[in-house]
Amino acid sequence: MKPIFKIMIVDDEMLVRQGIKHLLDWEQEGYRIVGEASNGVEALSMMDELNPHIIITDIVMPIMGGEKLVKIVKEKYPHIEVIVLSSFSEYDYVRSTFQSGVADYILKPKLEADYLLSILNKTTAKMAGMKISDPGADPEEKQLLFAIEKLMTGYESVLESDLLHSKFPHAQFAFFGADMKHIKDSGDKLTFANEIERGIQKLALDDVVFIRLKFVNDSVIYLLNVNPEHWDELVIELRYLISEIEHRVRETHFIISQSFADFECLGEIYRDNYLKLTRYSFYLPERSLIENDHLPGLPGAYQEIDMGELMDQLRRKQFQKAFTEFLEYVHLRSMDYRIDIFEFKSLLGNFIFNVATTLGKMKCEIGGLEETKYDYFRKIDEAMYASDAIAVTEAFIREVERTIGETNSSVNPNMTKLLEYIQNHYADPITLTGVARQFHFNASYLSSYFTAHNGEGFSEYLNKVRLEKAMELLESTEKSISDISASVGYSDQSYFTKVFKKQTGISPSRYRRRDVEQP
């Protein structure tokens, strides 16, 4: 029978408490609201009587706030997990609660049923401990599970060598898992995990032993044990398995950790390697497999941005220069997947805060920007990928540009460089992705950047340049239309003719005859 976890709600606003109580069908999900309090003192007075497993508490409350409540609870009742509710502006308080051992925090605007349930499930999974699939009553498997759990959570563990070798007969280990935070329904997670397990069971290799650790931090994780001679073959088979099932769940990332030979290193590899690889997905959304031995290259050395200098540029009304430099910098930073996610998001939030503050001090007519900046903060905090967080920042910049009327791209040196590059390479098979790589842009960002600052899309501008060159050749040379098509960058003459006619209203041959027929 599924255990029922008891929850206490602590918030000084009765409407918030009532909202949480009616947000979910608690009993059906395995939870029960056993009490509520309007401040920390009231909550502590009921603690021994109610004995909750989890406390959901606000930060700012009269008499005793959430920050002090968390500290006392973790000192007197260390087995109780605490989830903090906060607004973006209260994050300094939230940060201090993490030092006291808070399990997680939720921004109040994000307090929705599915999200709250995912946080609760993650918290109770840690409380219940990681379990091996179908352990039955085998005391040896329980002993092995206990040893793995202790190592993964940072404690030492002693396991009899005979038991270790009987369960894991091979000399090489690795973690293999799937990040399932994009799968909201717990039943769907279980179905997907079972599908992965069936795939592992069908691997062609005979000398592979694996054990499943149920949902840890929104991941399903397997500890693999294999003959070192067959490691490369195992990786190839895992890649094939991923290619077979990845399309069934969008935005799922699979992880293959660094391999290791010493079982006692298991915890270190899990914390310092596997978990790092899962965080890399924030910067590598297009990669369904993040593999320790095959990570993408990192950007070269780059100079840190000077936020003070950027704000000075704004004060000098060099808006385009400041915005372009910052966006180029964050796109470059987003290529370094080792950067702490909180640090990256804080950089974007700090930029938005400083821009809004600087423009306000300049007496610019910024309308509701001072208020909407909090919406941008929230969206950045909720972003699943670096590209999503950057897109929020781009939207903020576009709002600023509209507000201050700064849309003149003619003074944008980066746009000038892009246009010059196209003018010099129009005859080559250039693409948006290739140009983005040349200028160290993110391709999706370059597309929106080009359109916003040039008034037309990349493809439209490239076609315009090519057709202008083609018109010149049709007027001044006797080259065949096929040769002209190839010389301006079109490998397919029929496509060239179609684009030409769409742009000019007549075919290339008719354009040439018209030029000849003119007196």
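- The two atoms that bring Ile380 and Ala389 nearest to each other are CG1-O, 4.1 Å, heavy atoms only.
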- Carefully, step by step, assess Asp375 and Lys379 under the rule side-chain contact (heavy atoms from CB on, under 4.5 Å). CA-CA 6 Å; Asp375 189 45; Lys379 289 178 180 178; 3.3 Å; yes
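- For Glu160, the CD atom counts as loosely surrounded, since its 6.0 Å shell holds 12 or fewer non-hydrogen atoms of other residues, nucleotides or ligands.
- At most 12 non-hydrogen atoms from other residues, nucleotides or ligands lie less than 6.0 angstrom from CZ of Phe353.
- Counting only heavy atoms from C-beta outward, the side chains of Glu29 and Leu117 approach each other to under 4.5 Å.
- The closest donor-acceptor contact from the side chain of Asn225 to the backbone of His170 lies under 3.5 Å.
- You'll find the side chain of Leu85 stays beyond 4.5 Å of the side chain of Thr57, heavy atoms only.
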- Verify side-chain contact (heavy atoms from CB on, under 4.5 Å) between Leu266 and Phe260, making sure each step is shown before the conclusion. CA-CA 8 Å; Leu266 181 149; Phe260 56 101; 4.1 Å; yes
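- The backbone N or O of Val226 sits nowhere less than 3.5 Å from a side-chain atom of Trp231 that would complete a donor-acceptor pair.
- A parallel orientation is assigned to the rings of Phe254 and Phe176, their planes being inclined by less than 30° (bins at 30° and 60°).
- Residues Ser259 and Gln172 bring a donor and an acceptor atom of their side chains to less than 3.5 Å of each other.
- Checking Tyr329 against Gln303 by side-chain atom types alone, no donor-acceptor pair falls below 3.5 Å.
- The CZ atom of Arg32 lies 12.0 Å from the CZ atom of Phe5; values are rounded to the nearest 0.5 Å.
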- Task: Decide ring pair (Phe, Tyr, Trp, His ring centres under 6.0 Å) for Phe173 and Phe168; before the verdict, give the C-alpha distance in whole Å, the side-chain angles of both, and the deciding distance to 0.1 Å.
- Result: CA-CA 9 Å; Phe173 296 89; Phe168 296 128; 5.4 Å; yes
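- Atoms CZ and CG, on Phe175 and Leu275 in that order, are 8.5 Å from each other to the nearest 0.5 Å.
- Nearest approach of Leu432 to Phe458, heavy atoms of both residues: N-CE2, 3.4 Å.
- Counting non-hydrogen atoms of neighbouring residues, nucleotides and ligands closer than 6.0 angstrom, the CD atom of Glu229 reaches no more than 12 such neighbours.
- Ring geometry for Tyr77 against His79 counts as perpendicular: the plane angle is over 60°, on a 0 to 90° scale with 30° as the lower cut.
- Applying the side chain to side chain contact (heavy atoms under 4.5 Å, CB included) criterion to Gln201, with sequence neighbours excluded, gives Glu197, Arg198, Phe210.
- To the nearest 0.5 angstrom, Tyr274 atom OH is 8.5 Å from Leu277 atom CG.
- Judged by distance alone, the side chains of Arg378 and Tyr374 never bring a donor and an acceptor atom under 3.5 Å apart.
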- With side-chain contact (heavy atoms from CB on, under 4.5 Å) as the test, would you mind laying out the steps for Ile56 and Val10 before giving the verdict? CA-CA 6 Å; Ile56 300 175; Val10 186; over 6 Å; no
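- What you find for Leu50 and Lys6 is that their closest heavy atoms are O-NZ, 3.3 Å.
- Note that CE of Met335 is 10.5 Å distant from CG of Leu284, once rounded to the nearest 0.5 Å.
- Among residues two or more places apart in sequence or in another chain, the side chain to side chain contact (heavy atoms under 4.5 Å, CB included) test is passed with Ala395 by Tyr376, Arg398.
- Partner Tyr337 forms a ring-ring contact (aromatic ring centres under 6.0 Å, His included) with one of Tyr280, Phe282, Tyr283 and no other, that one being Tyr280.
- A donor-acceptor contact under 3.5 angstrom links the side chains of Tyr31 and Asn121, judged on distance only.
- Taking the side chain as every heavy atom from C-beta outward, Thr252 and Phe192 approach each other to under 4.5 Å.
- In this structure, Ile33 CD1 and Lys21 NZ are separated by 8.0 Å, a value rounded to the nearest 0.5 Å.
- Looking at Lys122, its side chain never comes within 3.5 Å of a backbone N or O of Ala103 through a donor-acceptor pair.
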